[in-house]
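Numbers for residues simply follow the sequence, beginning at 1. As the structure is a computational prediction, the values presented were derived from the model and not from experiment.
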Amino acid sequence: MITGTLLAESLRVGATIEVPGLFIRSLRREDVSASTTGAQPDVWTILEFEAPPEAAGALTEAFSSGLLAEGGWYADFRADDEHVVVFAGKVFRYPVGDEAGRAAAQEYGRSVGVPEHQLDWGA
């Protein structure tokens, strides 16, 4: 089973995420004004989702093409023993617990403007 998180504000205008089997587990709004950058809004809409394992490729493609390139946005999910971190046009996949894979994704995140304290996805 795939489980992950997506911020609605991270999607570019006109983006559509349609993936067979995609299920929203929870949807909430949070004031994150204490930890955002100037390019990010103070309130986020957080979608926690799940999907069947066979949806990993479609999710990756949809997020990669749908995320804003500006502002340091990403989405991430776990598919069995793999962690997938998706930026606009760039994807990192690594085994859960692989520090080198995680570090490479975090380094890329820094290079596109993700604040250090937002590089906190799971192992």
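- Connection of Val112 to Trp44 is not established within any shared hydrophobic cluster, with ILVMFWY side chains joined at heavy-atom distances below 4.5 Å, either directly or through further cluster members.
- Atom CG of Leu47 and atom CZ of Arg25 lie 11.5 Å apart (nearest 0.5 Å).
- A salt bridge between Arg29 and Glu9 is present, with a side-chain N of the basic residue lying under 4.0 Å from a carboxylate O of the acidic one.
- Nearest heavy-atom pair across Pro52 and Gly21 is CD-O, 3.4 Å.
- The nearest pair of heavy atoms linking Ala51 to Leu59 is CB-CD1, 4.1 Å.
- Put simply, the residue from Phe77, Tyr74, Tyr94 that forms a ring-ring contact (aromatic ring centres under 6.0 Å, His included) with His83 is Tyr94.
- Side-chain atoms of Ser64 come within 3.5 Å of backbone N or O of Gly89 as a donor-acceptor pair.
- Cluster membership for Ile2 and Val84, using ILVMFWY side-chain heavy atoms within less than 4.5 angstrom, is shared.
- Val32 approaches Pro41 most closely through the heavy-atom pair CG2-O, 4.2 Å.
- Pairing each heavy atom of Pro20 with each of Ala55, the nearest pair is O-CB, 4.0 Å.
- For Asp81, the CG atom counts as loosely surrounded, since its 6.0 Å shell holds 12 or fewer non-hydrogen atoms of other residues, nucleotides or ligands.
- Checking side-chain atoms of Asp98 against main-chain N and O of Ala100 turns up a donor-acceptor pair under 3.5 Å.
- For Glu61, the CD atom sits in a loose shell: 12 or fewer heavy atoms of surrounding residues, nucleotides or ligands are nearer than 6.0 Å.
- Listed for the Glu48 side chain is no donor-acceptor partner under 3.5 Å among the backbone atoms of Ser26.
- Distance CD/Glu70 to CZ/Arg12: 11.0 Å, rounded to 0.5 Å.
- Taking hydrophobic clusters as Ile, Leu, Val, Met, Phe, Trp and Tyr residues chained together by side-chain heavy-atom distances below 4.5 Å, Val91 shares a cluster with Phe49.
- When all heavy atoms of Leu7 and Ser10 are compared, the closest pair comes out as O-OG, 2.5 Å.
- Atom CD1 of Ile17 and atom CG of Leu11 lie 5.0 Å apart (nearest 0.5 Å).
- One finds the NZ atom of Lys90 at 14.5 Å from the CG atom of Leu67 (value rounded to the nearest 0.5 Å).
- The two residues Ala69 and Ala88 make their nearest non-hydrogen contact at CA-CB, 3.7 Å.
- Once rounded to the nearest 0.5 Å, the distance linking CE of Met1 with CZ of Arg78 reads 15.0 Å.
- Follow the hydrophobic side-chain contacts under 4.5 Å out from Phe63 and you reach Leu27 in the same cluster.
- Ring geometry for Phe87 versus Trp121: interplanar angle over 60°, hence perpendicular rather than tilted (30 to 60°).
- Side-chain N or O atoms of Gln40 include none that pairs as donor or acceptor with a backbone N or O of Trp73 at under 3.5 Å.
- To the nearest 0.5 Å, atoms CD1 (Ile46) and CG (Leu6) are separated by 10.5 Å.
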